[in-house]
Amino acid sequence: NAGVTQTPKFRILKIGQSMTLQCTQDMNHNYMYWYRQDPGMGLKLIYYSVGAGITDKGEVPNGYNVSRSTTEDFPLRLELAAPSQTSVYFCASSPQNPTNEKLFFGSGTQLSVL
Amino acid sequence: GEDVEQSLFLSVREGDSSVINCTYTDSSSTYLYWYKQEPGAGLQLLTYIFSNMDMKQDQRLTVLLNKKDKHLSLRIADTQTGDSAIYFCAESDGGNTGKLIFGQGTTLQVKP
């Protein structure tokens, strides 16, 4: 019963460094999402994917890239880390159009850029 | 664009009822949701309501929807210390991609 697994749980980056946040789900869900959570700001959608090979921008995509080569994995890439990317990042998935299905969330990655 | 607003903090005594309020802007939303986030964890769906309903009850939870005023509320009866968490209101964006628009979250503090 792994569900949605995110790694790492915590990371500190220096300005300009790059890293990949990993997300994998074992529920064969088509829809996957990356959100960032800033204090008092709720969750903002970064990127999403409706199936393998298909990705699209969300509300705050600048500074990030994604890929979806398999149904299971949806990594989020930060190429040149900036302090504004300090946040908690959540990956989520849903079996189909989640308008009437719940999102399954991972436990989050806390990222600090110093 | 779409926007979802919530108050940031609510404090209640154990055993009291809690009411968390939310306003939204997108009248085309089909579903509205309440998610719960416990410390250090991801969000978990608590309940949701279809836009053609006024009320939904699920054990200690009551969701009220006023479409005219675009107002959604979550009432937790007999609030327990285990209910302490952040509660997020969310609306679907009306499209077919499943994107949700989240509010800022309301931190519920339950005092013993």
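To find a chain, count down the sequence lines: A is the first, B the second, and so on, and within it residues start at 1.
Sparse packing is recorded around CD1 of A/Ile12, with 12 or fewer heavy atoms of other residues, nucleotides or ligands lying under 6.0 Å away. Surrounding CD of B/Gln44 are at most 12 heavy atoms belonging to other residues, nucleotides or ligands under 6.0 Å away.
The side-chain heavy atoms of A/Leu103 and B/Tyr35, taken from C-beta on, include a pair separated by under 4.5 Å.
Between B/Leu43 and the choices A/Phe105, A/Tyr35, A/Phe104, the side-chain contact (heavy atoms from CB on, under 4.5 Å) rule is met once, by A/Phe105.
Side-chain heavy atoms closer than 4.5 Å link hydrophobic residues (I, L, V, M, F, W, Y) into clusters, and following such links, even through other members, never connects A/Tyr48 to A/Tyr64. Both B/Tyr33 and B/Met53 belong to a common hydrophobic cluster when Ile, Leu, Val, Met, Phe, Trp and Tyr are linked at side-chain heavy-atom distances under 4.5 angstrom. Hydrophobic clustering (ILVMFWY, side-chain heavy atoms < 4.5 Å, transitive): A/Phe90 and A/Leu76 are in distinct clusters. Cluster membership check: B/Leu100 shares its hydrophobic cluster with B/Phe50, using side-chain heavy-atom separations under 4.5 Å among Ile, Leu, Val, Met, Phe, Trp and Tyr.
Interface remark: A/Glu59 contributes no atoms to any contact with chain B (heavy atom separation under 4.5 Å). Neither the backbone nor the side chain of B/Gln6 comes within less than 4.5 Å of any heavy atom of chain A.
Going from atom OG of A/Ser107 over to atom CD of B/Gln37 covers 10.5 Å, rounded to the nearest 0.5 Å. B/Ile101 contributes atom CD1, which lies 7.5 Å from atom CG of A/Leu45 (distance to the nearest 0.5 angstrom). Annotation: the span from A/Lys44 atom NZ to B/Phe102 atom CZ amounts to 11.0 Å, rounded to 0.5 Å.
Taking A/Val88, A/Leu43, A/Val4 one by one and counting their heavy-atom pairs under 4.5 Å with chain B, the maximum is reached by A/Leu43.
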